[in-house]
2 protein chains.
Amino acid sequence: MAKNKRTIDREIKRDEIDAAASRLFIQHGYEATSMSMIAAAIDVAPNTLYWYYKSKDEMLVGALNRLVAQGMAELHGRAHAPFADQLSWAIQQFAQASDLVSTVHARAARSEVVREWHEAFHRALENMLVGKLQARGLTSAQARLMATVGTFVVEGLLSHPHTPAQRSDVIAWMTGMKV
Amino acid sequence: MAKNKRTIDREIKRDEIDAAASRLFIQHGYEATSMSMIAAAIDVAPNTLYWYYKSKDEMLVGALNRLVAQGMAELHGRAHAPFADQLSWAIQQFAQASDLVSTVHARAARSEVVREWHEAFHRALENMLVGKLQARGLTSAQARLMATVGTFVVEGLLSHPHTPAQRSDVIAWMTGMKV
DNA sequence: ACCTGAACACCGTTCAAGT
DNA sequence: ACCTGAACACCGTTCAAGT
């Protein structure tokens with residue numbers, strides 16, 4: 001698994017692309033961010049991007065992986081914080097990238113790479129949540145159910161307008177719910 | 001509010017467009033359906049569509065309204081069926097148009113007409129569900145909460161891969177849940 | 001009022017050519 | 001191996017012209 005200079009250079013460049021892409025995707029949305037804009041941000045010709053990624057969808061996956069890695073690193077820094085705080089911080093992170101959540105759902109129907117990323121992401125997220133919920137005393141079956149439902153409800157809140165009262169009602173019910 | 005011939009003709013043509021658009025949107029997805037494809041389906045030049053709709057997003061709204069009207073008419077024909085049957089039929093209808101659900105969430109962020117349609121649709125859906133849930137004995141507050149959460153969970157199931165076991169766990173829990 | 005041919009300003013992507 | 005200029009096949013949309 002030794003990496004030669006060439007492989008390392010390639011990964012550095014890829015990360016440079018991912019950094020620009022994720023920033024622009026969050027700022028303007030996936031669709032409104034053209035390949036030309038990303039290329040301009042890192043000072044290369046648009047078609048140069050195709051040396052590193054086969055398509056815009058693959059670049060989306062690269063950007064998403066970078067955002068998730070970043071988020072996981074920050075979450076790790078809060079490992080000692082109360083679970084409720086970790087949760088509300090994570091939700092806030094999702095809210096900042098809510099356009100990308102919609103984009104992934106829409107692109108997953110058309111692009112296999114995005115679909116696979118989406119599935120893997122939810123598997124990982126659910127496993128993490130199940131672990132934390134079991135640590136708080138839920139059985140395995142309860143924890144799995146709550147992880148699934150909780151994820152859906154959070155995604156629902158993100159993509160639908162709602163009053164603060166509605167939001168707190170839903171969260172109060174979800175965190176205090178009987179299973 | 002009298003309608004002259006001109007207005008009627010215009011509405012007939014619009015409905016012809018909506019019929020073709022909704023069919024193609026469901027068959028191929030919104031993005032993969034070009035204005036040219038819709039135009040070809042009703043045998044006009046692509047730019048003719050702009051005489052009836054200002055943009056592709058406005059045409060999406062026209063198609064959605066047609067689909068909803070159709071669905072409501074069919075639901076009305078099942079007014080005497082058990083609530084559970086009505087619900088599972090409605091969910092199946094959504095599942096057939098799951099690509100459009102993702103599309104609406106994604107386009108709502110960019111297009112004002114789509115955003116407004118989405119908000120109005122959820123207001124109407126929630127009001128209908130609240131009515132049916134109150135008729136089944138829930139208080140107003142309980143009914144509102146369940147309508148919101150239920151909608152989010154259904155949309156979550158639509159846009160995420162899941163096992164049949166997961167699906168029935170979620171539904172069993174939701175229909176039997178304490179509030 | 002309704003419809004069209006032609007054009008516009010893009011878009012993601014490909015390819016042959018340079019280094 | 002990496003990068004580019006030029007081109008390709010689209011896309012949604014506009015506009016002047018026809019009836």
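Chain A is the first sequence line, chain B the second, and so forth, proteins listed ahead of strands; every chain is numbered from 1.
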May I have the distance from [X] (atom [atom1]) to [N] (atom [atom2]), rounded to whole angstrom?
{"X": "Arg14(A)", "N": "dA1(D)", "atom1": "CZ", "atom2": "P", "answer": "15 Å"}
{"X": "Leu49(A)", "N": "dT4(D)", "atom1": "CG", "atom2": "C1'", "answer": "12 Å"}
{"X": "Tyr50(A)", "N": "dC8(D)", "atom1": "OH", "atom2": "C1'", "answer": "13 Å"}
{"X": "Asp9(B)", "N": "dC2(C)", "atom1": "CG", "atom2": "P", "answer": "7 Å"}
{"X": "Asp43(A)", "N": "dT4(D)", "atom1": "CG", "atom2": "C1'", "answer": "13 Å"}
{"X": "Arg110(B)", "N": "dT13(D)", "atom1": "CZ", "atom2": "P", "answer": "14 Å"}
{"X": "Ile8(B)", "N": "dA1(C)", "atom1": "CD1", "atom2": "C1'", "answer": "16 Å"}
{"X": "Tyr30(A)", "N": "dC11(C)", "atom1": "OH", "atom2": "C1'", "answer": "12 Å"}

Item to complete: Tell me whether the centres of the aromatic rings in Phe25(B) and Tyr30(B) are closer together than 6.0 Å.
Response: yes
Worksheet item: Any salt bridge between Arg107(A) and Glu31(B), counting N to O under 4.0 Å?
Response: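 Between Glu31(B) and Arg107(A) there is a salt bridge, with a charged N closer than 4.0 Å to a carboxylate O.
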Of the nucleotides [options], which one has an atom closest to the side chain of [X]?
{"X": "Met35(B)", "options": "dC2(C), dT13(D), dT13(C)", "value": "dT13(D)"}
{"X": "Arg10(B)", "options": "dT4(D), dT14(D), dC2(C)", "value": "dC2(C)"}
{"X": "Thr48(A)", "options": "dT14(C), dC2(D), dT4(D)", "value": "dT4(D)"}
{"X": "Tyr52(B)", "options": "dC3(C), dG12(D), dG12(C)", "value": "dC3(C)"}
{"X": "Lys13(A)", "options": "dT13(C), dT13(D), dC3(D)", "value": "dC3(D)"}

Worksheet item: Any chance the side chains of Tyr53(B) and Asp18(B) put a donor and an acceptor closer than 3.5 Å?
Response: yes
Item to complete: Could you verify whether a donor N or O on one side chain and an acceptor N or O on the other, from Glu155(B) and His160(A), lie under 3.5 Å apart?
Response: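 Glu155(B) vs His160(A): donor-acceptor pair found between side chains.
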Worksheet item: Under a 3.5 Å cut-off for both distances, is dT4(D) Watson-Crick or wobble paired, and to whom?
Response: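 Partner of dT4(D): dA16(C).
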Fill in: Pair assignment for dC10(C), Watson-Crick or G-U wobble, requiring both distances under 3.5 Å
none
Discussion item. Just checking Met128(A): does its CE atom have more than 12 heavy atoms from other residues, nucleotides or ligands closer to it than 6.0 angstrom?
Written reply: yes
Worksheet item: Across the strands shown, which category fits Tyr53(B) at heavy-atom distances under 4.0 angstrom: base, sugar-phosphate, nothing?
Response: nothing
Discussion item. Within the 4.0 Å heavy-atom criterion, would you say Ser34(A) contacts the bases, only the backbone, or no part of the nucleic acid?
Written reply: sugar-phosphate
Item to complete: Please state whether the phosphate of dC2(C), meaning OP1 or OP2, lies under 4.0 angstrom from any side-chain nitrogen or oxygen of Trp51(B).
Response: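 Affirmative; the distance criterion is met.
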